[in-house]
Protein chains: 2
Amino acid sequence: MKNSESQNNKAQRVSPQTIKRLPAYLMYLQKVAQKGDLSISAPRMGADLEADPTQIVKDLSVTGIKGKPRVGYNVTELIHTIENYLGFNKNNEAFLIGAGKLGQAILSYHELQGFGIRILAAFDIDESKINQSYGNVKILHFKKLGELANRLGISIGILTTPSDKAQEAAEAMVKSGIKAIWNMTSVRLELPKHVIVQNTSMYADVAILLKDYNDSEA
Amino acid sequence: MKNSESQNNKAQRVSPQTIKRLPAYLMYLQKVAQKGDLSISAPRMGADLEADPTQIVKDLSVTGIKGKPRVGYNVTELIHTIENYLGFNKNNEAFLIGAGKLGQAILSYHELQGFGIRILAAFDIDESKINQSYGNVKILHFKKLGELANRLGISIGILTTPSDKAQEAAEAMVKSGIKAIWNMTSVRLELPKHVIVQNTSMYADVAILLKDYNDSEA
DNA sequence: AATATATAAAGAAAAATATCTTTATATAAA
DNA sequence: TTTATATAAAGATATTTTTCTTTATATATT
């Protein structure tokens, strides 16, 4: 089950776990910045986030940030460094395919913009949805995907179709030039190796929850 | 010779990674069963799922299942064993709090039932949503949560409120006797230690996707 | 200015996880 | 029945990730 991890780059490999923790740091740091604090130390972050301070230092170090002993990190510099490292400050233009409830939820959640993702349009085959808007994003007919993606040079696609349409939709996305797919369905997509696929399966987490809960009841 | 771990929850810690992989096996196995195959070998699973066969054997072994050399595992037995191990065959009754788009998506996605979760009711404060139904689940007023949860003995809650309401809603859930919370918001909840919280942050995965994508473009 | 101290940074150790190797065995083939 | 072989199971090794320890240094305190 190695998927996107295999993308080998020049710099030394950074663990996915580290990368997954960085957005949480970012959200925390934005609150710290809002409070007006100019600097933040790893021990402080660790206490607030209930995390090991040395792990935080290690995680942050992958971005190249330098902190000062007895002071910590400059908050705004740290925010910008993480955003830059993760690509959140780029204008990552994306299309969303599948404007059902889940798709609508994604369209309505403006927090995604904080991650540098800007959804330019959504696509569906349900005529009753066409031309409706959610979160200022218009739903267009799926058949227009290819031409628009090509013309606008869209490389990122968010897949939120029903399971039985996922593979087909994903293939159309690839044919339209989309290179990276955020797959919110529980379907295992079969796509050419060069396509970057990130699976967000809510259901893996459900397994942990139920296991923990049922074990605690036993 | 460690056996019967499935019955003994104190037996041996099982890694979260293993538990997270089990639902993926389950979904795959259901397709295999649908095809009519009676048995399945780890090498075959590994080929289909692009995973290491020995890892699959190790993962499956935590459930206590026994396979036969040259044949593999009995498909239906394996399915039931995994479901039993994860608690998916229990009737895990749950409430959903926050009937916005994301909540509606969860209510409409019937796949959750395959995980043993049965959502009995949803709650919101938006009067216009009260008494509406999604996926056969009725939306009730949030103020009714406490009494109903108590009366029905609900222990599992799914949190899908907007971020700014998440902490407050979670506290109400705990006060109503809910012991396990599936937190779909990006908020870090501060709750008593005894409450089981599983965070599903879609945004961690976005970080991986964007990093992989932007690195590949570099 | 000198000293003490909190904290980042680097390195080492430990723990967790994944992969590889060997062994045992059930089934198929001869 | 006998032998060959595919595969589960167990064990060993390797890798990855986290945690612990040490060191260096910038700032605060005196």
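So that the names make sense, note that chain A is the first sequence line, chain B the second, and so on, each numbered from 1.
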Atom pairs and distances, side-chain donor-acceptor, residues 173-181 of chain B, under 3.5 Å, sequence neighbours left out:
{"from": "B:S176", "atom 1": "OG", "to": "B:A172", "atom 2": "O", "distance (Å)": "2.7"}

Looking only at heavy atoms, the pair that brings A:G87 and A:N92 closest together is O-ND2, 2.9 Å
Per-nucleotide protein contact along nucleotides 21-30 of chain C, 5' to 3', at a 4.0 Å heavy-atom cut-off (B base, S sugar-phosphate only, - neither), is B---BBBS--
A:S108 meets the side-chain hydrogen bond (donor to acceptor under 3.5 Å, both in side chains) criterion, sequence neighbours left out, with none
Q. Counting just side-chain N and O atoms, does A:R13 come under 4.0 Å of either OP1 or OP2 of D:dT17?
A. yes
side-chain hydrogen bond (donor to acceptor under 3.5 Å, both in side chains) filter on B:E171, not counting sequence neighbours, yields B:Q167
Intra- and inter-strand pairing of DNA chain C, written as dot-bracket with Watson-Crick and G-U pairs under 3.5 Å and | for the latter, reads ||||||||||||||||||||||||||||||
Across all chains, not counting sequence neighbours, the side chain to side chain contact (heavy atoms under 4.5 Å, CB included) partners of B:N150 are none
Anything under 3.5 Å between a donor and an acceptor, one on a side chain of residues 23-38 of chain A, the other on a protein residue two or more places apart or in another chain? List them.
{"from": "A:Y25", "atom 1": "OH", "to": "A:D59", "atom 2": "OD2", "distance (Å)": "2.6"}
{"from": "A:Y28", "atom 1": "OH", "to": "A:D48", "atom 2": "OD2", "distance (Å)": "2.5"}

Problem set entry | Candidate pair A:N199 and A:S201, rule side chain to side chain donor-acceptor pair (under 3.5 Å), full reasoning | CA-CA 6 Å; A:N199 298 301; A:S201 166; over 6 Å; no
Heavy atoms under 4.0 Å, any strand shown: does A:K66 hit a base, just sugar-phosphate, or nothing?
sugar-phosphate
Here the distance between atom P of D:dT21 and atom NZ of A:K58, to the nearest Å, is 13 Å
Using a heavy-atom cut-off of under 4.0 Å over every strand shown, decide if A:I65 touches base, sugar-phosphate, or nothing. sugar-phosphate
Rounded to whole Å, CD1 of B:I56 lies from P of D:dA9 at a distance of 13 Å
Between CG of A:D52 and C1' of C:dA9 the distance, given in whole Å, is 14 Å
Nearest-nucleotide check on DNA chain D, A:Q55 vs B:P43; residue mapping nearer the 5' end is B:P43
When rounded to whole Å, the CG to C1' distance for the pair B:D59 and C:dA18 reads 10 Å
Listed pairs under 3.5 Å, donor-acceptor, residues 71-79 of chain A side chains, sequence neighbours left out:
{"from": "A:N74", "atom 1": "OD1", "to": "A:T76", "atom 2": "N", "distance (Å)": "3.2"}
{"from": "A:N74", "atom 1": "OD1", "to": "A:T76", "atom 2": "OG1", "distance (Å)": "2.9"}
{"from": "A:N74", "atom 1": "OD1", "to": "A:E77", "atom 2": "N", "distance (Å)": "2.9"}

**Asked** Which is true for A:R21 with a 4.0 Å heavy-atom rule: it touches a base, it touches only sugar-phosphate, or it touches nothing?
**Response** sugar-phosphate
For A:S186, the side-chain hydrogen bond (donor to acceptor under 3.5 Å, both in side chains) test, sequence neighbours excluded, returns B:E111
Note: contacts of residues 32-40 of chain A with DNA chain D (heavy atom, under 4.0 Å) are none
note: A:I19, atom CD1; D:dT16, atom C1'; distance rounded to Å ~ 14 Å
Across all chains, not counting sequence neighbours, the ring-ring contact (aromatic ring centres under 6.0 Å, His included) partners of A:F95 are A:F123
Is atom CG of A:D164 surrounded by more than 12 heavy atoms (other residues, nucleotides or ligands) closer than 6.0 Å? yes
From CG of B:L60 across to P of D:dA10 the rounded distance in Å is 13 Å
Residue set satisfying ring-ring contact (aromatic ring centres under 6.0 Å, His included) with A:F115, at least two apart, ordered chain then number -> A:F88, B:Y203
*Side-chain N or O of A:Y73 less than 4.0 angstrom from OP1 or OP2 on D:dA26?*
no
